[in-house]
Amino acid sequence: VEVMESGGGLVQPGGSLRLSCAASRMLFCSNMAWFRKVPGKQREYIARIFGKDSTIYADSIKGRFTTNRDKAVNTTVYLQMNSLKFEDTATYYCEFCDRYWGQGTQVTVSE
């Protein structure tokens, strides 16, 4: 299974981005998570979607980021990121089924 994140880029503080995470085939699990990594720091878990679209968010992004599935394409999940801050700069990764990882997409929040 290949997993690919996309949608990263450069954005100003307060701006928004939407990341996509797509798996190469249908997976028989409902669990999907988002993480981010800054060089020199540990990987940070930020969001999870599971079951019938239940979600959990880390405190660091709660109220600003939301994750949801694409109902039309069951193999794609999104992370909508609003009110971005400098400290949101990181490489963002998605994980399907506690097993399949993407290569990451870079998000840079800068003036």
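- Heavy atoms only, all atoms of each residue included: Asp88 and Ser83 are closest at OD2-O, 4.3 Å.
- Thr89 places a side-chain N or O within 3.5 Å of a backbone atom of Val109 that can act as its donor or acceptor partner.
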Between Arg69 and Ile49, does a side-chain contact (heavy atoms from CB on, under 4.5 Å) hold up when you go through it step by step? CA-CA 8 Å; Arg69 304 182 203 275; Ile49 185 166; 3.7 Å; yes
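- In terms of heavy-atom proximity, Ala90 sits nearest to Val38 at CB-CG2, 3.7 Å.
- Screening Thr66, Asp70, Asn68 against Tyr78 for a side-chain hydrogen bond (donor to acceptor under 3.5 Å, both in side chains) leaves a single residue, Asp70.
- Atom CD of Gln42 has 12 or fewer heavy atoms from other residues, nucleotides or ligands within 6.0 Å.
- Taking each heavy atom of Ala58 and Tyr45 in turn, the nearest pair found is CB-O, 3.5 Å.
- Remark: side-chain polar atoms of Gln80 are not paired, donor with acceptor, to backbone N or O of Arg18 under 3.5 angstrom.
- In this structure, CH2 on Trp34 lies 11.5 Å from CD1 on Ile61, to the nearest 0.5 angstrom.
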Stepwise, does the side-chain contact (heavy atoms from CB on, under 4.5 Å) test hold for Cys21 with Phe96? CA-CA 9 Å; Cys21 176; Phe96 279 98; 3.3 Å; yes
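- From Thr67, atom OG1 reaches atom CZ of Phe50 across 11.5 Å, with rounding to the nearest 0.5 Å.
- Put simply, CG on Asn31 and CG on Asp98 are 4.5 Å apart, with the number rounded to the nearest 0.5 Å.
- The aromatic rings of Phe35 and Trp101 are tilted relative to each other, their planes meeting at an angle between 30° and 60°.
- Placement of Ile56 and Val77 in two distinct hydrophobic clusters is found when ILVMFWY residues are connected by side-chain heavy-atom separations under 4.5 Å, directly or transitively.
- Using a 4.0 Å cut-off between charged side-chain N and carboxylate O, Lys62 and Asp59 make a salt bridge.
- Screening Arg36, Gln103, Lys37, Gln106 for a side-chain hydrogen bond (donor to acceptor under 3.5 Å, both in side chains) with Thr91, the sole residue that qualifies is Gln106.
- If you take CE on Met32 and CD on Glu95, they are separated by 8.5 Å, rounding to the nearest 0.5 Å.
- Smallest separation of non-hydrogen atoms from Gly51 and Ser30: N-OG, 3.0 Å.
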Could you go step by step and tell me if Phe65 and Leu19 meet the side-chain contact (heavy atoms from CB on, under 4.5 Å) rule? CA-CA 10 Å; Phe65 293 9; Leu19 305 184; over 6 Å; no
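- Heavy-atom minimum distance, Gly8 versus Val107: CA-CG2, 4.1 Å.
- A 4.5 Å side-chain heavy-atom check between Thr105 and Ser6 finds every atom pair outside the cut-off.
- Of the inter-residue distances, the one linking Cys94 atom SG with Met4 atom CE reads 10.0 Å to the nearest 0.5 angstrom.
- Looking only at distances, no side-chain donor or acceptor of Tyr93 sits under 3.5 Å from a matching main-chain atom of Glu5.
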